[in-house]
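Since the structure comes first, as structure tokens, the remarks are kept for the end.
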Amino acid sequence: MVVAEGKRWRFAMVCSSNMNRSMEAHSQLGRAGLDVESYGTGTHVKLPGPSLHEPNVYDFGTPYGAIYDDLRRKDPDLYKRNGLLPMLKRNTSVKLAPQRWQDNAGDGVFDMIMTFEERVFDLVVEDMNNREPKLMKSVPIINMDVKDNHEEAGVGAKLAVELCQKLEAIDGDWEEIIDDLINGFEKQHKRRLAYSIAFY
């Protein structure tokens with residue numbers, strides 16, 4: 001899809017820990033030549049541990065490489081088998097460390113924010129509503145529920161690329177056609193999307 005010059009959109013992909021769903025989308029959007037950043041909304045970065053009651057917990061800003069080294073030291077077989085080590089290796093090729101959405105005001109303005117879980121969507125909407133609008137620039141926040149596993153993250157990321165390309169290709173005001181675009185996308189892919197509009 002050829003995009004007219006001067007119509008570049010800036011996209012934000014958001015999940016809970018900025019580890020799997022948002023990072024797979026970040027990776028695929030980046031490969032598709034789109035301008036993208038990614039974030040998590042959690043208090044900490046949480047990854048599965050040896051049991052449900054023993055997750056691996058890290059602060060946002062801890063480099064993916066450091067988390068990779070930590071898990072490889074703890075139990076290389078387990079974390080290779082459950083996909084965490086390959087996921088972290090992928091993440092190191094995309095950016096340095098997980099970033100928290102609520103701390104990102106300095107990162108500038110996005111043209112579209114996409115979330116992959118209803119709870120994350122609610123947190124992003126709440127955060128945007130708590131920010132004081134200065135530019136009065138509207139931004140769509142779109143949620144598409146994606147299960148937090150590697151396979152579903154891959155499927156969700158492909159759909160995210162398609163949706164972002166459709167948005168970037170809009171000629172004119174996105175607010176006039178967003179309902180039709182989302183309805184068409186839902187019918188085509190049999191996925192329910194929710195969206196809200198916030199302001200910068």
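Treat the numbers as computed from the prediction; the structure is a model and nothing was measured.
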Determine the interplanar angle of the Phe11 and Trp9 rings, folded into 0 to 90°, and report it as parallel if under 30°, tilted if 30 to 60°, perpendicular if over 60°. parallel
Aromatic rings Trp101 and Phe110: how do their planes relate, parallel, tilted or perpendicular, breaks at 30° and 60°? tilted
For Lys137, the salt bridge (Lys or Arg N to Asp or Glu O under 4.0 Å) test, sequence neighbours excluded, returns Asp111
Between the side chains of [Y] and [X], is the shortest nitrogen-to-carboxylate-oxygen separation below 4.0 Å, so that they form an ion pair?
X	Y	value
Asp148	Arg21	yes
Asp127	Arg131	yes
Glu162	Lys166	yes
Glu24	Arg90	yes
Asp122	Arg119	no

Any donor-acceptor pair under 3.5 Å from Asn149 side chain to Glu152 backbone: yes
Throw together a table of side-chain donor-acceptor distances under 3.5 angstrom for residues 76-88, partners on residues two or more places apart or in other chains.
| residue | atom | partner | partner atom | Å |
| --- | --- | --- | --- | --- |
| Tyr79 | OH | Asn56 | ND2 | 3.0 |
| Asn82 | OD1 | Leu84 | N | 3.1 |

Glu117 vs Ser16, test: side-chain hydrogen bond (donor to acceptor under 3.5 Å, both in side chains). Steps then yes/no. CA-CA 8 Å; Glu117 181 182 330; Ser16 186; 5.3 Å; no
Count the heavy atoms belonging to other residues, nucleotides or ligands that lie under 6.0 Å from NZ of Lys95, then report whether that count exceeds 12. yes
Smallest heavy-atom separation, Met23 atom then Asn18 atom, equals CG-O, 3.3 Å
